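Since this is a predicted model, take the numbers as computed values, not measurements. Heavy-atom basis, side chains included; hydrogens, waters and symmetry copies ignored. Letters go in sequence order (proteins before strands), and every chain restarts at 1.
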There are 2 protein chains.
Amino acid sequence: MAQAEPRPRRKRGYEKLLRTARRLFYQRGFHAVGISEIIAEAGVARMTLYNNAASKDILIEAVIEGVSIDVMAWLERGGASIAEPTLPPAQRLLALFDLFEAWFGEPEFQGCIFAKAAAEFPAHDHPVHRAAARHKRRLFEFLQDITTEAGARQPAMLAEHMLLLLEGATALAQQTGALIAARRARRAAEQLLAAGL
Amino acid sequence: MAQAEPRPRRKRGYEKLLRTARRLFYQRGFHAVGISEIIAEAGVARMTLYNNAASKDILIEAVIEGVSIDVMAWLERGGASIAEPTLPPAQRLLALFDLFEAWFGEPEFQGCIFAKAAAEFPAHDHPVHRAAARHKRRLFEFLQDITTEAGARQPAMLAEHMLLLLEGATALAQQTGALIAARRARRAAEQLLAAGL
DNA sequence: TATTAAATATACCGATTGGTCTATATTTTA
DNA sequence: TAAAATATAGACCAATCGGTATATTTAATA
């Protein structure tokens with residue numbers, strides 16, 4: 001019964017390409033990073049890209065979708081006790097802000113990759129823009145599940161308030177470099193929770 | 001002999017170039033729009049750019065700074081009754097959210113140009129990034145003046161809460177296309193004002 | 001009016017862009 | 001082991017990139 005293999009190593013080159021592209025796009029921007037640089041840094045042949053993605057835009061879309069999947073999986077798996085069932089829901093929401101503060105402090109922090117994607121591909125019907133919007137919707141639903149569970153009077157509104165604060169804090173932290181934004185957002189969240197639960 | 005400094009000549013071509021660049025950069029992104037397209041659309045010679053700005057980056061910096069000046073002047077002049085001295089300060093803060101809602105509804109709305117600039121020029125010491133951060137600081141001080149005048153217990157914190165909500169609403173509106181974000185942000189602002197005044 | 005700054009048109013540059021093609025080699029799987 | 005994916009190197013492409021050079025013309029001011 002030799003079945004416990006981790007995963008068939010299919011498309012190793014493309015996966016490495018995706019990881020490298022994710023890093024470079026996030027650190028320097030989608031238009032600022034060229035194909036040649038990505039494949040050189042990934043140590044991969046040019047055709048490894050075009051055999052798997054029809055264009056740079058589609059590669060970017062795949063990167064964005066990959067990040068979204070990873071983020072949501074991490075949140076739902078219980079990253080930083082957010083989904084910890086023993087904690088009261090309000091505490092789990094506030095834990096999110098602590099988590100964001102830690103994120104802002106990381107040296108690689110460069111803001112929200114979805115906000116950046118939507119900014120660089122402003123057309124609402126562009127696949128990359130749509131992928132970014134999709135993620136924000138997933139995030140909202142994730143928050144709404146918690147506010148509902150917390151017994152909020154208006155779960156959707158409270159979830160949107162949390163999302164507004166998280167989004168604002170991330171944007172300000174990236175623009176001004178002031179990671180205190182997370183702490184300030186947490187204070188605001190505490191007050192909104194007190195009013196809305 | 002202290003002479004009156006020579007009146008700067010009008011540089012009509014360059015000013016038209018700046019206006020066109022502002023529009024194109026905002027609508028489609030800084031890296032996505034090339035020099036040739038800008039000068040073609042402005043109907044201006046290539047050298048009109050390079051006689052006034054040493055590089056594309058410096059042109060972008062000038063554009064950003066110009067937008068910041070216009071925005072701040074408009075706010076301080078009393079755009080949409082925000083600086084209307086007859087209104088109570090709390091109402092003036094809330095008027096800002098109504099104003100943002102109207103902005104989100106404009107067909108040309110594409111988010112915050114400063115957030116986009118900071119996203120496309122992520123290096124904190126890049127002149128364009130610094131210019132964007134500068135504007136956010138000005139905005140914060142503008143808000144802080146009002147919260148102070150309103151007699152807030154912690155004017156700085158309240159101002160940052162307002163900024164977080166405005167920033168978050170703008171980011172979400174651009175990414176998801178949902179202009180309801182402004183209305184939701186206003187509701188949150190009402191609650192935070194009630195708690196903080 | 002003479003001077004001079006500002007704007008013009010156009011040709012040019014090397015580098016880079018995203019993308020294609022081909023022919024060979026390496027893995028994976030049936 | 002053979003067949004079928006997958007990855008390889010690298011030449012090649014037209015188009016565009018940001019930026020420079022030069023010589024000419026337009027327009028504002030002293």
Side-chain angles (χ1 to χ4, degrees), chain A residues 1-22 24-25 27-64 117 120-121 123 126-129, chain B residues 1-22 24-25 27-64 117 120-121 123 126-129:
Chain A
M1 320 285 288
Q3 69 185 19
E5 60 196 277
R7 210 189 171 179
R9 301 189 319 159
R10 289 183 328 223
K11 308 207 173 188
R12 304 172 343 274
Y14 183 53
E15 279 165 16
K16 178 159 200 191
L17 185 67
L18 281 173
R19 286 197 305 272
T20 306
R22 177 192 292 202
L24 290 176
F25 284 148
Q27 304 277 5
R28 308 226 317 276
F30 299 99
H31 286 97
V33 174
I35 295 295
S36 303
E37 184 179 356
I38 300 172
I39 62 170
E41 184 135 341
V44 132
R46 200 176 192 77
M47 280 311 291
T48 299
L49 199 177
Y50 289 102
N51 283 334
N52 290 280
S55 67
K56 188 192 183 186
D57 282 10
I58 290 182
L59 172 71
I60 294 172
E61 194 189 345
V63 166
I64 293 291
E120 287 206 47
F121 300 88
H126 192 289
V128 172
H129 193 105
Chain B
M1 248 317 168
Q3 303 263 45
E5 57 190 66
R7 200 155 123 237
R9 295 199 172 183
R10 315 189 54 145
K11 308 213 176 189
R12 306 175 338 278
Y14 183 54
E15 280 164 17
K16 176 157 202 193
L17 184 68
L18 280 174
R19 286 197 305 273
T20 306
R22 178 193 290 204
L24 290 176
F25 284 147
Q27 304 276 8
R28 309 225 317 275
F30 300 98
H31 286 97
V33 174
I35 296 296
S36 303
E37 183 179 357
I38 299 172
I39 62 169
E41 184 136 341
V44 133
R46 197 176 194 78
M47 281 309 292
T48 299
L49 198 177
Y50 290 102
N51 284 334
N52 290 281
S55 66
K56 187 190 182 185
D57 281 11
I58 290 183
L59 171 70
I60 294 173
E61 195 188 344
V63 166
I64 293 291
E120 286 206 48
F121 299 89
H126 192 289
V128 172
H129 194 105

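In this entry the distance linking CZ of B:Arg12 with P of C:dA6 reads 11 Å, nearest Å. Distance, A:Ile39 CD1 to D:dA7 C1': 12 Å, rounded to whole Å. Regarding A:Glu37, its CD atom lies at a distance of 17 Å from the C1' atom of C:dG19, rounded to whole Å. Spacing between atom CE of A:Met47 and atom C1' of C:dT20 amounts to 7 Å, rounded to whole angstrom units. Following rounding to the nearest Å, A:Lys56 (NZ) and C:dG19 (P) show an atom-to-atom distance of 8 Å.
Nucleotides of DNA chain C nearest to B:Tyr14 and A:Arg46 differ in position, and the one nearer the 5' end is that of B:Tyr14. Remark on DNA chain C: of its neighbouring residues B:Ala45 and A:Phe30, the 5'-side contact belongs to B:Ala45, judged by nearest-heavy-atom nucleotide.
Between the A:Lys56 side chain and the A:Phe30 main chain, a donor and an acceptor come within less than 3.5 Å of each other.
Side-chain proximity of A:Ile35 to C:dC21, D:dA7, C:dG18: nearest is C:dG18. Here C:dT20 is the nucleotide among C:dA9, C:dT20, C:dA7 with the atom lying nearest to any side-chain atom of A:Tyr50. Counting only heavy atoms from C-beta on, B:Asn51 has its side chain closest to C:dT8 among D:dG18, C:dT22, C:dT8.
Residue A:Ser36 has no polar side-chain atom (N or O) positioned under 4.0 Å from OP1 or OP2 of C:dG18.
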